[in-house]
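A short write-up of the structure that comes next.
Since this is a predicted model, take the numbers as computed values, not measurements.
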Amino acid sequence: MKIIHRAAELQEQLDYERARGNKVGFVPTMGALHEGHLSLVELAKQHADVVVVSIFVNPLQFGPAEDFDKYPRTLAEDAKLLEIENVQYLFAPGLEDVYPNGPELTQRAGVTGSTFEGASRPGHFDGMLTVVNRLMEIVQPDVVVFGEKDAQQVFIVSKLIKARFRNCQLIEGPTLREASGLAMSSRNRYLTDEERKDAENIYAHLNQMREELEAGAKVSETLTKHSTAIETSAKAKLEYLAVIDPQIFRPVDDNYQGPAKIIVAAKVGEVRLIDNLNVKAINA
Ligand code: AMP
């Protein structure tokens, strides 16, 4: 595996790969890699000949009071994991390579950028979209892989790919979970044992909600019941719990018919976690 820090050097290498007819797969990450990330790498390998994984903690997508400084940075361990996965290129650029003119927003996430995650984290999606756009310009992949774990992110990114990178195929990887059901996340390492129980409890509620909705329960009643139950757990502070239409990423009402997604964000102790679960059909 080649570890590359400079954009120009990566582009040179990838030009060489493409000239040899190799398809390029890309997995953008912020590092602190876990099995969830590695499952996306596996998907990229299945759809491409060479795989680029980027590791860049993007300051533009963190709010002033968020955990940019505390975000785990474990490049040496990450490199070992990617080496075992037979990844060809680890791209770990510096700030100057990603933002030659200094970090400034070039992309806007629009209306969906200010709901749910965007309401809790103003500016987050503009920053995320700006870095994804820049990384896509550098890598010019044939295939890019994002995790369904960040459902709103994939929704917003898919519009960017359709508009600006039309020849690139976007693949969504399913969420990898621990045995307890807790979605793997780079931030889980900061949970105490007690907080972990509360985080697992949120997943249990998502599952119950899915079952109830698929069995015909009313959306509004299901939301009220489970929001209250989650709020009463010791350490979890709910930011949002919603049932959305995945086609438009907007809340559904009690009359909605069709597939849906339950989305949740909560602060458990100091750790902010998000998760989501698909509902096959409501009122089918
Ligand atoms: P991050 O490093 O958190 O920015 O995540 C990089 C990519 O990994 C994103 O596309 C995430 O959606 C994805 N990802 C994060 N956690 C998981 C997980 N548990 N299972 C699958 N993909 C994940």
To the nearest 0.5 Å, how far apart are [atom1] in [X] and [atom2] in [Y]?
| X | Y | atom1 | atom2 | value |
| --- | --- | --- | --- | --- |
| Leu273 | Arg187 | CG | CZ | 8.5 Å |
| Leu105 | Phe125 | CG | CZ | 14.0 Å |
| Leu33 | Leu82 | CG | CG | 5.0 Å |

In the structure I gave you, are the side-chain heavy atoms of [X] and [Y] within less than 4.5 Å of one another anywhere?
| X | Y | result |
| --- | --- | --- |
| Ile4 | Leu90 | no |
| Val53 | Thr29 | yes |
| Leu277 | Met209 | no |
| Ser180 | Glu200 | yes |
| Ser39 | His34 | no |
| Val24 | Tyr89 | no |
| Arg164 | Asn133 | yes |
| Val52 | Pro141 | no |

Does a donor on one side chain sit under 3.5 Å from an acceptor on the other, for [X] and [Y]?
| X | Y | answer |
| --- | --- | --- |
| Thr130 | Gln107 | no |
| Thr222 | Glu212 | no |
| Asn22 | Glu17 | yes |

What pairs of donor and acceptor atoms, side-chain ones from residues 241-252 against any protein atom, are under 3.5 angstrom apart with sequence neighbours left out?
{"residue": "Asp245", "atom": "OD1", "partner": "Gln247", "partner atom": "N", "Å": "2.9"}

Practice problem: Report the C-alpha separation of Arg73 and Asp78 in whole Å, then their side-chain angles, then the decisive distance to 0.1 Å, and conclude whether the salt bridge (charged side-chain N to carboxylate O under 4.0 Å, His left out) test is met. | Solution: CA-CA 9 Å; Arg73 288 162 172 87; Asp78 293 347; over 6 Å; no
Transitive ILVMFWY side-chain link [X] to [Y], under 4.5 Å:
| X | Y | value |
| --- | --- | --- |
| Val268 | Tyr190 | yes |
| Val219 | Leu238 | yes |
| Val98 | Leu129 | yes |
| Ile161 | Val51 | no |
| Leu95 | Leu10 | yes |

Exercise. Would you please test Asp126 and Arg108 for salt bridge (charged side-chain N to carboxylate O under 4.0 Å, His left out) and show each step?
Key: CA-CA 5 Å; Asp126 294 341; Arg108 300 279 168 191; 3.4 Å; yes
Looking at every non-hydrogen atom in both residues, tell me the closest pair between [X] and [Y] and how far apart they are.
| X | Y | value |
| --- | --- | --- |
| Gly173 | Leu40 | CA-CD2, 3.7 Å |
| Ile202 | Ala236 | CD1-CB, 4.1 Å |
| Asp49 | Gly21 | OD2-O, 3.9 Å |
| Leu135 | Ser54 | CD1-OG, 3.9 Å |
| Gly36 | Met184 | N-SD, 3.8 Å |
| Asn255 | Asn283 | C-ND2, 3.9 Å |

Quiz item: With sequence neighbours left out, what residues match Glu195 under salt bridge (charged side-chain N to carboxylate O under 4.0 Å, His left out)?
Solution: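 Applying salt bridge (charged side-chain N to carboxylate O under 4.0 Å, His left out) to Glu195 gives none.
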Quick check: are there more than 12 heavy atoms from other residues, nucleotides or ligands sitting under 6.0 Å from [atom1] of [X]?
| X | atom1 | result |
| --- | --- | --- |
| Glu12 | CD | no |
| Glu137 | CD | yes |
| Asp253 | CG | yes |
| Glu35 | CD | no |

Exercise. Might you work through the side chain to side chain contact (heavy atoms under 4.5 Å, CB included) test for Leu14 and Gln140, ending with a clear yes or no?
Key: CA-CA 9 Å; Leu14 294 180; Gln140 296 288 341; over 6 Å; no
Got a donor-acceptor contact below 3.5 angstrom from the [X] side chain to the [Y] backbone?
| X | Y | answer |
| --- | --- | --- |
| His124 | Gly118 | no |
| Asp254 | Ser220 | yes |
| Glu172 | Val154 | no |

Exercise. Please lay out, stage by stage, how Gln61 and Val131 fare under the test side chain to side chain contact (heavy atoms under 4.5 Å, CB included).
Key: CA-CA 8 Å; Gln61 71 190 68; Val131 81; 3.8 Å; yes
Is the shortest distance from a Lys or Arg side-chain nitrogen in [X] or [Y] to a carboxylate oxygen in the other one below 4.0 Å?
| X | Y | answer |
| --- | --- | --- |
| Asp193 | Arg196 | no |
| Asp67 | Arg272 | no |
| Lys2 | Glu9 | no |

Quiz prompt | Inter- and intrachain pairs under side chain to side chain donor-acceptor pair (under 3.5 Å), touching residues 97-106, at least two apart | solution =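 Side chain to side chain donor-acceptor pair (under 3.5 Å) check on residues 97-106 returns Arg6-Asp97, Asn58-Tyr99.
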Exercise. Kindly indicate, with the supporting measurements, whether the criterion salt bridge (charged side-chain N to carboxylate O under 4.0 Å, His left out) is fulfilled by Glu66 and Arg121.
Key: CA-CA 9 Å; Glu66 290 183 3; Arg121 307 180 66 188; 2.6 Å; yes
Quiz item: Cation over ring, Lys159 on Phe155, under 6.0 Å and within 45°?
Solution: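 The answer is yes, since Lys159 meets both limits relative to Phe155.
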Practice problem: Please test Val27 against Leu43 for side chain to side chain contact (heavy atoms under 4.5 Å, CB included), starting from the C-alpha separation and ending with a verdict. | Solution: CA-CA 9 Å; Val27 184; Leu43 273 175; over 6 Å; no
Self-check item: Evaluation steps, side chain to side chain contact (heavy atoms under 4.5 Å, CB included), between His37 and Ser186
Solution: CA-CA 10 Å; His37 296 114; Ser186 305; 3.5 Å; yes
Quiz item: Under the salt bridge (charged side-chain N to carboxylate O under 4.0 Å, His left out) criterion, do Lys237 and Glu231 qualify, and how do the steps go?
Solution: CA-CA 6 Å; Lys237 207 171 158 296; Glu231 287 284 10; over 6 Å; no
Practice problem: Go through the structure and list residues passing side chain to side chain donor-acceptor pair (under 3.5 Å) with Lys45, not counting sequence neighbours. | Solution: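 Residues passing side chain to side chain donor-acceptor pair (under 3.5 Å) with Lys45: Glu42.
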Exercise. Just grab all the salt bridge (Lys or Arg N to Asp or Glu O under 4.0 Å) pairs involving residues 24-34, residues at least two apart or on different chains.
Key: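 Salt bridge (Lys or Arg N to Asp or Glu O under 4.0 Å) check on residues 24-34 returns no pairs.
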Per-pair distances, 0.1 Å, donor-acceptor, side chain in residues 143-153, under 3.5 Å, sequence neighbours excluded:
{"residue": "Glu148", "atom": "OE2", "partner": "Lys261", "partner atom": "NZ", "Å": "3.3"}
{"residue": "Glu148", "atom": "OE2", "partner": "Asn278", "partner atom": "ND2", "Å": "3.1"}
{"residue": "Gln152", "atom": "OE1", "partner": "Glu117", "partner atom": "N", "Å": "3.0"}
{"residue": "Gln152", "atom": "NE2", "partner": "Thr112", "partner atom": "O", "Å": "2.7"}
{"residue": "Gln152", "atom": "NE2", "partner": "Thr115", "partner atom": "O", "Å": "2.9"}
{"residue": "Gln152", "atom": "NE2", "partner": "Thr115", "partner atom": "OG1", "Å": "3.2"}

